[in-house]
**Q** 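Can you keep this structure in mind? I'll have questions shortly.
We name chains A, B, ... by the order of the sequence lines, and we start the count at 1 in each one.
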4 protein chains.
Amino acid sequence: MSINHRAGAQRSEAARVAILDAAAKLFASSGYERLTMEGIASAAKVGKQTIYRWWPSRSALIAECLADGYLLPNDRFDPPTAGHVLEDISAWYSSVAEYFRAGNNERLLLSLISAAAGDPGVAEHFNARFGGGHTIEARLQQGIDAGELHPEVPMNQVAEALIGALILRVLARSTMEPAFARDMVQLVLIPHQISPTRT
Amino acid sequence: MSINHRAGAQRSEAARVAILDAAAKLFASSGYERLTMEGIASAAKVGKQTIYRWWPSRSALIAECLADGYLLPNDRFDPPTAGHVLEDISAWYSSVAEYFRAGNNERLLLSLISAAAGDPGVAEHFNARFGGGHTIEARLQQGIDAGELHPEVPMNQVAEALIGALILRVLARSTMEPAFARDMVQLVLIPHQISPTRT
Amino acid sequence: MSINHRAGAQRSEAARVAILDAAAKLFASSGYERLTMEGIASAAKVGKQTIYRWWPSRSALIAECLADGYLLPNDRFDPPTAGHVLEDISAWYSSVAEYFRAGNNERLLLSLISAAAGDPGVAEHFNARFGGGHTIEARLQQGIDAGELHPEVPMNQVAEALIGALILRVLARSTMEPAFARDMVQLVLIPHQISPTRT
Amino acid sequence: MSINHRAGAQRSEAARVAILDAAAKLFASSGYERLTMEGIASAAKVGKQTIYRWWPSRSALIAECLADGYLLPNDRFDPPTAGHVLEDISAWYSSVAEYFRAGNNERLLLSLISAAAGDPGVAEHFNARFGGGHTIEARLQQGIDAGELHPEVPMNQVAEALIGALILRVLARSTMEPAFARDMVQLVLIPHQISPTRT
DNA sequence: TCATAATCGAGACGGTACGTCGGGTCTTTGA
DNA sequence: TCAAAGACCCGACGTACCGTCTCGATTATGA
């Protein structure tokens with residue numbers, strides 16, 4: 001009756017979680033370049049083969065960490081829908097910039113950039129969270145629907161300009177002063193605003 | 001004996017150039033992560049110690065390659081001053097985007113990003129060439145002086161938005177269709193244009 | 001998880017033998033001072049780490065070669081028990097001297113001396129084979145038992161004088177003419193002979 | 001003022017002495033295998049080239065140290081002529097054994113053996129001081145002349161047996177108890193003594 | 001219920017590259 | 001011409017990880 005059912009032990013979820021946890025922890029603390037498979041295996045108390053059995057490479061492992069929210073908070077990067085679209089986008093952008101200014105998070109983002117630059121798979125997940133900016137575009141669409149923005153606002157470019165500028169700042173190790181977020185949002189959105197609510 | 005025996009042999013310029021050449025070549029072909037000191041030494045026909053004598057690390061070597069123009073054409077990234085500021089900036093941005101779309105140059109930029117993410121020294125030189133956007137800002141200032149742009153145009157943000165978006169696109173492995181450059185420049189500059197040429 | 005995860009893969013006997021073989025071969029051909037771990041690893045088609053995992057140093061490796069008979073024939077250095085003790089010892093001593101006069105064996109002994117001088121561990125095994133002269137002393141004891149030698153013959157000194165003289169000759173690069181062995185044995189044994197068989 | 005002045009500076013005796021001094025000191029403290037040309041040059045405050053200009057190799061340098069008495073006291077190894085030949089030889093042999101039991105001298109001898117094993121030039125000078133045993137043979141000849149020894153005593157073998165046994169003991173890291181020297185001398189000389197003082 | 005088969009921690013294996021030490025040669029500057 | 005200083009190319013050092021491969025033990029089927 002069985003189509004293709006083999007015997008044998010099943011994949012250990014405990015091992016999977018231990019590996020992702022260890023990888024994420026070491027990634028955040030040591031960066032992508034110093035992340036080693038042996039280090040992960042040792043920290044997760046797992047044989048190396050158990051890693052290689054399920055992930056083909058270090059970057060695939062990091063990509064899954066990213067996809068499963070081991071590296072970044074899943075909710076942090078959604079814009080609010082509290083008030084006027086400019087205020088919401090501005091608040092969201094400030095919040096993201098703030099997040100990457102604190103603690104080791106700048107290092108984390110740098111490592112993510114490095115990983116994304118080195119591996120298309122990581123880049124894809126990285127982009128899903130940032131670059132594509134689906135959530136931002138969704139919020140912009142709400143602004144259009146609410147009559148706060150011109151309908152022809154180039155949502156894609158707006159998102160890319162904002163996120164790209166942020167990445168560039170982090171890459172350049174520039175300080176991200178509070179005004180940065182506000183100015184950037186103004187630059188790309190005010191021209192497309194309908195009622196002039198200069199903040 | 002003698003009071004002041006200062007000197008021995010001088011640093012070999014030939015070795016220095018051979019090392020930078022080899023490093024740049026291997027960097028472009030293999031990427032930052034696969035770049036090895038032994039590979040460089042072997043390609044440059046130089047002892048490893050000669051590299052370590054003058055550069056403390058792989059990244060410092062790449063930083064000097066970048067600073068000395070071994071990795072990127074020095075002149076390619078200056079905007080023209082041919083006509084209207086929008087056209088010139090647009091032409092320059094298209095040209096840069098085009099450059100990184102061709103051949104191995106996308107890989108080169110990805111490697112540069114990786115190197116910059118991993119090392120502040122590289123990031124500094126990377127930024128000097130891109131991020132700071134001194135040359136772009138200079139061209140914008142000319143536009144202001146020519147009465148083509150409002151004086152209060154936030155030059156810094158404009159530059160960062162443009163370059164950041166480009167980097168993000170490369171990171172995301174998105175195709176950079178021709179319209180990309182034009183749309184991006186319009187997004188950040190048209191609002192500050194004095195004679196309204198809304199396209 | 002599990003209670004007792006003891007074992008990993010076992011030590012590869014093939015690798016061990018290949019390493020000892022390669023080490024012995026290179027030792028005999030190039031001498032102790034030119035013997036390199038990389039050379040051994042390469043000749044044995046083995047990773048360097050596999051050598052360092054099991055032997056702490058080049059000298060420990062040579063000591064094991066010596067102990068396991070990779071460098072010297074195990075049986076060559078036992079005296080015969082064919083006839084009179086003087087003849088047997090003399091024949092044995094000639095045979096040993098002859099062995100180290102032939103081919104690369106002189107170089108081999110010189111390298112062994114060098115290794116023994118540089119490392120107590122090697123010296124111990126070197127001594128076990130030569131210096132202690134257990135087998136010679138055993139043969140002398142048989143001579144005593146057979147009434148051919150005075151019981152008070154200082155076996156230890158006799159052995160050391162014989163072997164020491166041989167080593168000194170090799171060290172000095174003196175030729176070991178055939179008479180050498182006979183004369184040396186006569187010097188140390190004839191006085192202790194019981195029936196005067198002056199040869 | 002000068003009679004025959006070719007161009008150029010003359011060899012600096014100060015440098016020569018400094019080099020030999022440094023070499024001897026490092027040889028005694030670190031052993032032959034750890035002796036480095038750079039270490040000698042640095043300790044002697046001399047350029048490496050100044051060493052290579054006058055000595056072709058490390059071993060040649062050690063050979064000259066040995067020949068010029070930088071490594072061993074020149075007088076220590078001459079037998080006395082105080083009384084009966086057996087007593088004198090015995091005293092001398094004890095004294096030599098004692099010398100190499102003290103302090104770092106055992107290490108020194110081991111290093112010398114290593115150097116001699118590795119280089120014929122060193123071996124020659126090593127032999128001139130020990131192996132040939134010219135001075136011992138001279139003393140034995142005096143014993144013959146004085147009617148204390150049979151004329152046919154094989155002086156060469158006697159010397160080689162004594163010195164060889166001593167070297168073997170040092171090689172084997174055996175302790176050289178006081179009785180060793182007396183027993184060894186008795187073994188090789190008593191049979192050839194004329195007045196029978198069997199101990 | 002028990003052989004089959006896949007998993008697990010552990011770790012040895014052949015390799016590549018690391019960053020350092022020292023070898024012996026060459027170059028520069030000064031006496 | 002020699003000496004000091006030291007840069008040069010090169011080979012080897014001992015270590016860290018790579019990705020693969022055995023181990024023995026531990027589960028889960030499914031005949």
**Q** Nearest whole Å is fine: how far is F/dT26 C1' from A/Q10 CD?
**A**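 These atoms are roughly 13 Å apart.
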
**Q** Starting at atom CD1 of D/I40, determine the distance to atom C1' of E/dG24, rounded to an integer number of angstrom.
**A**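 One finds 14 Å between C1' of E/dG24 and CD1 of D/I40, rounded.
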
**Q** I'd like to know whether CZ of D/R34 has more than 12 heavy-atom contacts from other residues, nucleotides or ligands below 6.0 angstrom.
**A**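 Check fails, neighbour count at 12 or below.
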
**Q** Which ones in residues 14-26 of chain C lie close to DNA chain F, meaning a heavy atom under 4.0 Å from one of its atoms?
**A**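 Within residues 14-26 of chain C, no residue comes under 4.0 Å of DNA chain F.
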
**Q** DNA chain F: B/R11 or A/G8, which has the more 5' nearest nucleotide?
**A**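 Upstream on the strand: B/R11.
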
**Q** Can you find a side chain N or O atom of C/T50 that sits less than 4.0 Å from OP1 or OP2 on E/dG14?
**A**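 Affirmative; the distance criterion is met.
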
**Q** Give a yes or no on whether D/E124 atom CD has more than 12 heavy-atom contacts from other residues, nucleotides or ligands under 6.0 Å away.
**A**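 At most 12 heavy atoms, drawn from other residues, nucleotides or ligands, come within 6.0 Å of this atom.
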
**Q** Starting at atom CG of A/L61, determine the distance to atom P of F/dC17, rounded to an integer number of angstrom.
**A**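 Distance check: A/L61 CG to F/dC17 P gives 16 Å.
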
**Q** Please pick, from E/dC13, F/dA4, F/dC2, the nucleotide with the shortest atom-to-atom distance to any side-chain atom of D/W54.
**A**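 Nucleotide nearest to D/W54's side chain: F/dC2.
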
**Q** Examine F/dC8: is either OP1 or OP2 under 4.0 Å from a nitrogen or oxygen in the side chain of B/R53? Give yes or no.
**A**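 It does, given that an N or O in the side chain of B/R53 lies less than 4.0 Å from OP1 or OP2 of F/dC8.
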
**Q** Count the heavy atoms of every other residue, nucleotide or ligand shown that sit under 6.0 Å from CZ of A/R53, and state whether that count exceeds 12.
**A**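 For A/R53, atom CZ is crowded (more than 12 foreign heavy atoms under 6.0 Å).
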
**Q** Does any pair with a residue in residues 18-29 of chain A pass side-chain hydrogen bond (donor to acceptor under 3.5 Å, both in side chains), and if so which ones, sequence neighbours excluded?
**A**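 Every candidate side-chain hydrogen bond (donor to acceptor under 3.5 Å, both in side chains) pair involving residues 18-29 of chain A fails, so no pair, neighbours aside, qualifies.
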
**Q** How would nucleotides 16-22 of chain E be written as a contact map, 5' to 3', with B for base contact, S for sugar-phosphate-only contact and - for no contact, using protein heavy atoms under 4.0 Å?
**A** -SBBBBS

**Q** Tell me whether the guanidinium CZ or amine NZ of D/R58 lies under 6.0 angstrom from the six-membered ring centre of D/F27 and within 45° of its axis.
**A**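 Judged by the rule (NZ or CZ under 6.0 Å from the ring centre, within 45° of its axis), D/R58 is not positioned above D/F27.
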
**Q** Rounded to whole angstrom units, what separation is found between the CD1 atom of C/I51 and the P atom of F/dA16?
**A**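 Distance, rounded to whole Å: 17 Å.
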
**Q** Can you tell me the distance, in whole Å, between the CD atom of C/E13 and the P atom of F/dC23?
**A**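 Atom CD in C/E13 sits about 13 Å away from atom P in F/dC23.
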
**Q** Kindly indicate whether the side chain of B/V17, heavy atoms from C-beta on, has any atom under 4.5 Å from the side chain of B/Y70.
**A**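 Answer yes - side chains close enough.
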
**Q** Do C/L171 and D/N127 have side-chain heavy atoms sitting under 4.5 Å apart?
**A**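 SC-SC contact between C/L171 and D/N127 ruled out.
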
**Q** For the residue pair C/R16 and C/W54, would you count it as a cation-pi contact if the rule is NZ or CZ under 6.0 angstrom from the ring centre and within 45 degrees of the ring axis?
**A**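 Geometry flag: not set, cation outside 6.0 Å or 45°.
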
**Q** In terms of heavy-atom contacts, does CZ of A/R173 have more than 12 from other residues, nucleotides or ligands at under 6.0 Å?
**A**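 For A/R173, atom CZ is crowded (more than 12 foreign heavy atoms under 6.0 Å).
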
**Q** Of the nucleotides E/dG9, E/dG14, F/dC2, which has the atom closest to the C/V46 side chain?
**A**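 Closest of the options to the side chain of C/V46: E/dG14.
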
